[in-house]
2 protein chains.
Amino acid sequence: MPESPLIGTATDNPPVKGGRREELIVLAASLFEAEGYHQTSMERLAERAGLAKPSLYHYFKSKEEILFEIHLSFIQPLIQRQIRRMELGLRPSQVLLEAVVDHMEVLAEKPGTLRMFFEHHRELGPDRRAQMRENRIRYRRLIEDTITAGVAAGELRPVDPRLTAFALFGMVNWAYKWFHVNGELSPRETAYFLWDLFMRGVQHDGTEAAGPPPPLPSSEPLPELSEQWP
Amino acid sequence: MPESPLIGTATDNPPVKGGRREELIVLAASLFEAEGYHQTSMERLAERAGLAKPSLYHYFKSKEEILFEIHLSFIQPLIQRQIRRMELGLRPSQVLLEAVVDHMEVLAEKPGTLRMFFEHHRELGPDRRAQMRENRIRYRRLIEDTITAGVAAGELRPVDPRLTAFALFGMVNWAYKWFHVNGELSPRETAYFLWDLFMRGVQHDGTEAAGPPPPLPSSEPLPELSEQWP
DNA sequence: TGCCCTCACCCGACCGGTCGGTCGGGCACG
DNA sequence: CGTGCCCGACCGACCGGTCGGGTGAGGGCA
């Protein structure tokens, strides 16, 4: 049984449409990644697909629809997988690690997808944009809930779930800017590095902030620099 | 004495050009933020500036030049301030905090600047893009060096400076996606939250990873989900 | 003081190119 | 003989950028 209609369904919009469509979506993402979304014309995409431009419109109603499908192909499995994981009764920390791994694997397997998702959602029309907004919020809540569960289980110290989720998202999502397939680190290793850093930051501190003292109020910063800050 | 020529200089290109130019740069950034870079025509920008389109070309040679100036107005002060801070002999952790604060303050004071810097650098022409690449790398090295210094000073546990810098950048830079001026947290408070989380993650662990055990090798994840991951 | 020239600043009207998208039709397979 | 798939040719809109010219404040000069 499908999701609530607002959230959107993957490829039921076009009824059957064989695997070619999905190939085109992946191809489009990697082309947009390489040459930029706005810099890539439909003509160019068709060329790379071995088609003429009008043929693309046999598979998609518009360029925006392609962009939207790229979005869906990322967020839908991510949400579903996260839900399943949470149902399995794993430790919250473990759930978080697997979520991070999911992200990093998309990075490796569907080049461009992450960039489109993070940098071009505003180019979607109002309806689709709203739909993606729902999906984003929904996924974020899942992560927040996992964090909250981790706190309740005593795995994490008491933290603000919202801010903490944002921080985790930042660390992980940012990787699309620097992660290279065929780099020294595999997606899984990268995921583990980031997750480990995050977990350490969020664990109970045996010594109650042993390191540098919180300099929040005292650090009115570098007065002689302030004025040259426009 | 100015920087190396490749790195670029702020507003010496146009010789004098009163403060109007800078106003236009800030206005453009906030407009691009609100309506999208490609969705904002020069006509529209002119309108919001109370000018006719040709008048814009009195101040800028092209739309790309505006984009470039937005980039510069962010990265130049950031680099200079970071260099100065490092020369002052503060504790590395303190230097990092101030750097994070810098980011968050730009977010509050120059809306749109961060988004342009992170999402539209690929729209710059080859020369300017290369120039910004230099600046990026340079700034990253400054942060990496600060991290290395922190390790040397015993403030941080031994970590990979490159990966750790990326993680920090992610946490901090991502804030442009969720931070709201007039939200509950000020830029400084937000900076402190993120910095604190980071520092905890990077501190010496008194108990050598007291929390969850590293599940890297064992966690071949959820086989029954794997196949539905395209 | 009055004149003119310069130059920063401004604009209505226009242009050329690009690009998303369409039209009408062709081919082949079940 | 429909239907999935494909295409050459075309169109309309938009947008970055230009052209040629206008205005007025300031400054040198007689």
Side-chain angles (χ1 to χ4, degrees), chain A residues 11-29 31-32 34-71 116 120-129, chain B residues 11-29 31-32 34-71 116 120-129:
Chain A
T11 44
D12 55 7
N13 201 5
V16 208
K17 295 285 174 61
R20 192 73 200 271
R21 205 180 126 98
E22 272 64 42
E23 285 174 32
L24 287 173
I25 294 169
V26 174
L27 173 65
L31 232 193
F32 293 160
E35 310 186 0
Y37 176 69
H38 288 282
Q39 288 70 47
T40 306
S41 64
M42 290 296 271
E43 181 79 48
R44 174 103 178 99
L45 174 57
E47 174 194 320
R48 290 292 299 268
L51 290 175
K53 186 169 61 153
S55 299
L56 285 181
Y57 288 86
H58 175 72
Y59 296 96
F60 308 97
K61 282 223 244 309
S62 64
K63 192 181 185 184
E64 190 214 311
E65 183 175 311
I66 299 180
L67 183 58
F68 181 64
E69 292 292 343
I70 294 174
H71 278 68
M116 293 310 111
H120 292 279
H121 55 110
R122 293 149 102 247
E123 265 100 318
L124 294 172
D127 294 357
R128 288 175 167 145
R129 197 172 160 188
Chain B
T11 45
D12 56 7
N13 202 7
V16 207
K17 294 285 174 59
R20 192 74 200 271
R21 205 181 127 99
E22 274 64 42
E23 283 175 31
L24 286 172
I25 293 169
V26 174
L27 173 65
L31 231 193
F32 293 161
E35 309 187 1
Y37 176 69
H38 288 281
Q39 288 70 47
T40 306
S41 64
M42 291 295 272
E43 182 79 48
R44 173 104 178 98
L45 173 57
E47 174 194 319
R48 289 293 297 269
L51 290 174
K53 186 168 60 152
S55 300
L56 284 181
Y57 289 87
H58 177 72
Y59 296 96
F60 307 97
K61 283 223 242 310
S62 64
K63 191 181 185 183
E64 190 214 312
E65 184 174 310
I66 299 180
L67 184 59
F68 181 64
E69 293 291 342
I70 293 174
H71 278 68
M116 294 309 112
H120 292 280
H121 55 109
R122 292 149 103 249
E123 265 100 315
L124 293 173
D127 294 359
R128 289 177 166 143
R129 196 171 160 188

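Proteins come first, then strands; the chains are lettered A, B, ... in the order of their sequence lines, and each starts at number 1.
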Query raised in the report: Got a second to check how far A:Phe60's CZ is from A:Ile66's CD1, nearest 0.5 Å?
Result: 5.0 Å
Query - Any B:Arg21 side-chain nitrogen or oxygen under 4.0 Å from OP1 or OP2 of C:dC9 - result: no
Query raised in the report: What's the CD-C1' distance between A:Glu123 and C:dG20, to the nearest Å?
Result: 14 Å
Report task. Report the distance from atom CZ of B:Arg21 to atom CD of B:Glu69, rounding to the nearest 0.5 Å. Result -> 4.0 Å
**Report entry** Contact under 4.0 Å: A:Ser62 side-chain N or O vs C:dG20 OP1/OP2
**Finding:** no
Requested in this report: Could you run through nucleotides 22-30 of chain C and give me one letter per nucleotide, 5' to 3': B if any protein heavy atom sits under 4.0 Å from the base, S if only the sugar-phosphate is that close, - if neither?
Outcome: BB-------
Requested in this report: Residues of residues 36-51 of chain B with any non-hydrogen atom less than 4.0 angstrom from an atom of DNA chain D: list those, numerically ordered, please.
Outcome: B:Thr40, B:Ser41, B:Met42
Query - Protein-nucleotide distance (A:Leu56, atom CG; D:dG8, atom P), rounded to Å - result: 13 Å
Report summary line: Atom CG of B:Leu67 and atom P of D:dC15 are separated, to the nearest Å, by 17 Å
Query raised in the report: Would you say the side chains of A:Glu123 and B:His38 form a donor-acceptor pair under 3.5 Å?
Result: no
Requested in this report: Output every pair passing salt bridge (charged side-chain N to carboxylate O under 4.0 Å, His left out) with a member in residues 35-48 of chain B, not counting sequence neighbours, ordered by first then second residue.
Outcome: B:Glu35-B:Arg44, B:Arg44-B:Glu47
Query - Whole-Å distance separating the NE2 atom of A:His58 from the C1' atom of D:dC5 - result: 5 Å
Query raised in the report: When rounded to the nearest 0.5 angstrom, what distance separates NZ in A:Lys61 from CZ in A:Phe68?
Result: 12.0 Å
Query raised in the report: Can you name the closest pair of heavy atoms from B:Ala46 and B:Ala52 and give their distance?
Result: CB-C, 3.7 Å
**Report entry** Distance below 4.0 Å between A:Ser55 side-chain N/O and D:dC7 OP1 or OP2
**Finding:** yes
Report summary line: Nearest heavy-atom approach of A:His71 to A:Leu67 is ND1-O, 2.9 Å
Report summary line: Here the distance between atom P of C:dG20 and atom OH of A:Tyr59, to the nearest Å, is 19 Å
Query - A:Glu64 CD - C:dG21 C1' separation (whole Å) - result: 14 Å
Query raised in the report: Do you know which two heavy atoms are closest between A:Met116 and A:Ile70, and how far apart they sit?
Result: CB-CG2, 3.9 Å
Query raised in the report: Within 45 degrees of the axis of the six-membered ring of B:Tyr37 and under 6.0 Å from its centre: does B:Lys63 put its NZ or CZ there?
Result: yes
